[in-house]
Amino acid sequence: MMSIRVAIAGARGKMGAEAVHTVMKHDKMELVAVLDYKEVGKTLADLDMFPASYKVPVFTEMHDLVEATAPDVLVDLTNPHAVYNHTKEALNLNVRPVIGTTGFTDAQLEELSTIAKEKELGCIIAPNFAIGAILMMKFAKEAAKYLPDVEIIEMHHDQKLDAPSGTAVKTAQLIQEVRAQKIQGHPEEKETIKGARGGDFDGMRVHSVRLPGLVAHQQVLFGGDGQLLTIRHDSLNRNSFMSGIAFCVEEVMKMDQLVYGLENII
Ligand code: NAP
């Protein structure tokens, strides 16, 4: 079988660097290029952080990258400012996106979904690649049918740019599909410090903790009569995301539309 040709955007980042090693080691994949916004050297091997054997060229323009290296898949692990354009450009150049970067707006997701459909191209946007986190979301959705009082506490490292996390938003959306709509807390509650009650998503409260030392953690708390159910997931290191990325790179090759959330394909 021919190997899947992969390009990575964000290869110097914490997630991207792990993804580079994952693709390099994978026997069904070939890392053909990386996309960056600055000229960081001719190949990854020129960067101190990668072994001298990683002779993978760096491009700053998607168009040039695609023309020169013909990737099947673009894996994006950049930031909320760059990812939308990368995804759109990739689709327009017939490259299938596997997107781990979070922070899309609903309108952006809709537009990308339309392009993918028109082009009949697979595209996976996954706010969380960790299987345990997917299960946390599934179980939270199930629990919300019976326990509609729910608050989400997500905790991440303090270099994260978007809040709440894409996973917290996705969890809230899944819960919203089944939960009897209600506004949480006392109707007359007042915040004496702004934001103390967290963000409001359809009456649910979402709290974002940012501290050095954390990786990616989330608790979904359900309260009932005299009882509390907590569903918790912890990503202790970025390895927790890598099997999900490899899975998506293979899956996206078989798909002809955009899927948002790994729970829809596992
Ligand atoms: P990070 O360490 O800051 O890495 C991001 C990298 O992207 C940096 O090296 C950055 O370069 C680079 N970059 C910025 N703009 C770029 C552009 N236009 N083109 C190419 N590269 C660009 O962040 P991270 O912790 O790896 O996280 C990356 C993203 O993945 C975040 O959105 C995060 O929320 C998400 N994430 C997703 C999952 C998941 O399971 N889906 C898990 C963890 C994290 P500079 O450093 O020079 O700015």
Side-chain angles (χ1 to χ4, degrees), residues 7-22 33-41 44 47-50 56-66 71 74-90 97-105 108-109 123-137 154-171 208 210-218 233-249 251-252 259-266:
I8 295 179
R12 287 177 296 107
K14 293 182 286 291
M15 283 286 286
E18 288 281 340
V20 165
H21 296 303
T22 300
V34 305
L35 182 69
D36 211 321
Y37 66 90
K38 55 184 183 186
E39 206 64 68
V40 285
L44 286 183
L47 303 181
D48 288 342
M49 59 190 292
F50 294 111
V56 180
V58 179
F59 292 84
T60 54
E61 294 296 330
M62 182 91 72
H63 189 268
D64 299 344
L65 183 154
V66 172
L74 171 79
V75 175
D76 188 290
L77 298 158
T78 60
N79 66 39
H81 310 297
V83 66
Y84 165 69
N85 280 335
H86 287 170
T87 313
K88 198 169 161 175
E89 281 178 328
V98 168
I99 308 296
T101 311
T102 52
F104 285 95
T105 65
Q108 288 175 337
L109 286 174
C123 174
I124 300 175
I125 299 182
N128 205 312
F129 287 117
I131 180 69
I134 304 307
L135 293 172
M136 166 191 63
M137 289 188 258
E154 58 96 339
M155 309 196 294
H156 282 80
H157 60 88
D158 62 350
Q159 299 305 302
K160 186 169 175 57
L161 290 176
D162 51 326
S165 70
T167 303
V169 175
K170 184 75 200 181
T171 307
S208 298
R210 296 290 177 265
L211 285 172
L214 291 169
V215 178
H217 316 258
Q218 179 168 295
H233 177 258
D234 298 274
S235 274
L236 302 174
N237 61 49
R238 290 175 180 81
N239 245 331
S240 61
F241 305 117
M242 293 304 133
S243 55
I245 291 181
F247 172 77
C248 287
V249 168
E251 278 306 297
V252 80
V259 165
Y260 172 50
L262 211 54
E263 67 281 3
N264 296 308
I265 43 177
I266 59 167

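Numbering of ligands and ligand atoms starts at 1, following listing order.
At the top of the distance list for atom 31 (C) of ligand 1, counting protein heavy atoms only, stands T78 O, 3.7 Å. Looking only at protein heavy atoms, the nearest one to atom 4 (O) of ligand 1 is G13 CA, 3.2 Å. Scanning all protein heavy atoms for the shortest distance to atom 3 (O) of ligand 1 gives K14 NZ, 4.2 Å. Of the protein's non-hydrogen atoms, T101 CG2, 3.2 Å is the one closest to atom 32 (O) of ligand 1. Nearest protein neighbour of atom 14 (C) of ligand 1, counting heavy atoms only, is N79 ND2, 3.3 Å. Residue, atom and distance of the protein heavy atom nearest to atom 27 (O) of ligand 1 are M15 CG, 4.0 Å. Nearest protein heavy-atom neighbour of atom 19 (N) of ligand 1: H86 CE1, 3.3 Å. Of all protein heavy atoms, the one lying nearest to atom 45 (P) of ligand 1 is Y37 OH, 3.5 Å.
Ligand 1 has a nitrogen or oxygen under 3.5 angstrom from a nitrogen or oxygen of P127. At under 3.5 Å, a nitrogen or oxygen of G100, whether backbone or side chain, sits near a nitrogen or oxygen of ligand 1. For ligand 1, one of its N or O atoms has an N or O atom of R12 under 3.5 Å away. Some N or O of K160 is nearer than 3.5 Å to an N or O of ligand 1, by distance alone. The shortest N/O to N/O separation between R238 and ligand 1 does not fall below 3.5 Å. Remark: ligand 1 and F129 share an N or O pair separated by less than 3.5 Å (distance only, no angle test).
Of all atoms in ligand 1, listed by their number and element, those nearer than 4.0 Å to a heavy atom of L77 are 5 (C), 6 (C), 7 (O), 28 (C). Interface of N128 with ligand 1, defined as ligand atoms under 4.0 Å from a residue heavy atom, comprises 39 (C), 40 (O), 41 (N). Taking every heavy atom of L35 and a limit of under 4.0 angstrom, the matching atoms of ligand 1 come to 20 (C). Counting the atoms of ligand 1 from 1 in the order shown, those under 4.0 Å from a heavy atom of T102 are 32 (O), 34 (O).
The shortest side-chain heavy-atom distance between Y84 and T105 does not fall under the 4.5 Å cut-off. Using a 4.5 Å heavy-atom cutoff, the side chains of F129 and V98 are in contact. C123 has its side chain out of reach of V259: every pair of non-hydrogen atoms, C-beta onward, lies at least 4.5 Å apart. Using a 4.5 Å heavy-atom cutoff, the side chains of R12 and L47 are in contact. Taking 4.5 Å as the limit, every side-chain heavy atom of L35 sits out of range of all side-chain heavy atoms of I8. For the pair M155 and L214, the minimum side-chain heavy-atom distance is below 4.5 Å. Residues F104 and V83 have side chains in contact (heavy-atom distance under 4.5 Å, counting atoms from C-beta outward).
The two residues S235 and A130 make their nearest non-hydrogen contact at OG-CB, 4.0 Å.
Ligand 1 lies within reach of A126, whose nearest heavy atom is under 4.0 Å from it.
Residue contacts with ligand 1, taken as heavy atom pairs separated by less than 4.0 Å, involve A82 solely via side-chain atoms from C-beta onward. Neither the backbone nor the side chain of L161 comes within 4.0 Å of ligand 1, counting heavy atoms alone. Counting heavy atoms closer than 4.0 Å to ligand 1, residue F241 contributes side-chain atoms (C-beta onward) but none from N, CA, C or O.
Of the charged side-chain nitrogens involved, at least one lies within less than 4.0 Å of a carboxylate oxygen, so that R210 and E154 count as a salt-bridged pair.
Note that OG1 of T87 and CD1 of I125 are 5.5 Å apart. Values are rounded to the nearest 0.5 Å.
Judged by distance alone, the side chain of D162 and the main-chain N or O of S165 form no donor-acceptor pair under 3.5 Å. The main-chain N or O of Y260 is found under 3.5 Å from a side-chain atom of N264 such that the two form a donor-acceptor pair. Proximity of a side-chain donor or acceptor of T101 to a complementary backbone N or O of T78 within less than 3.5 Å is detected.
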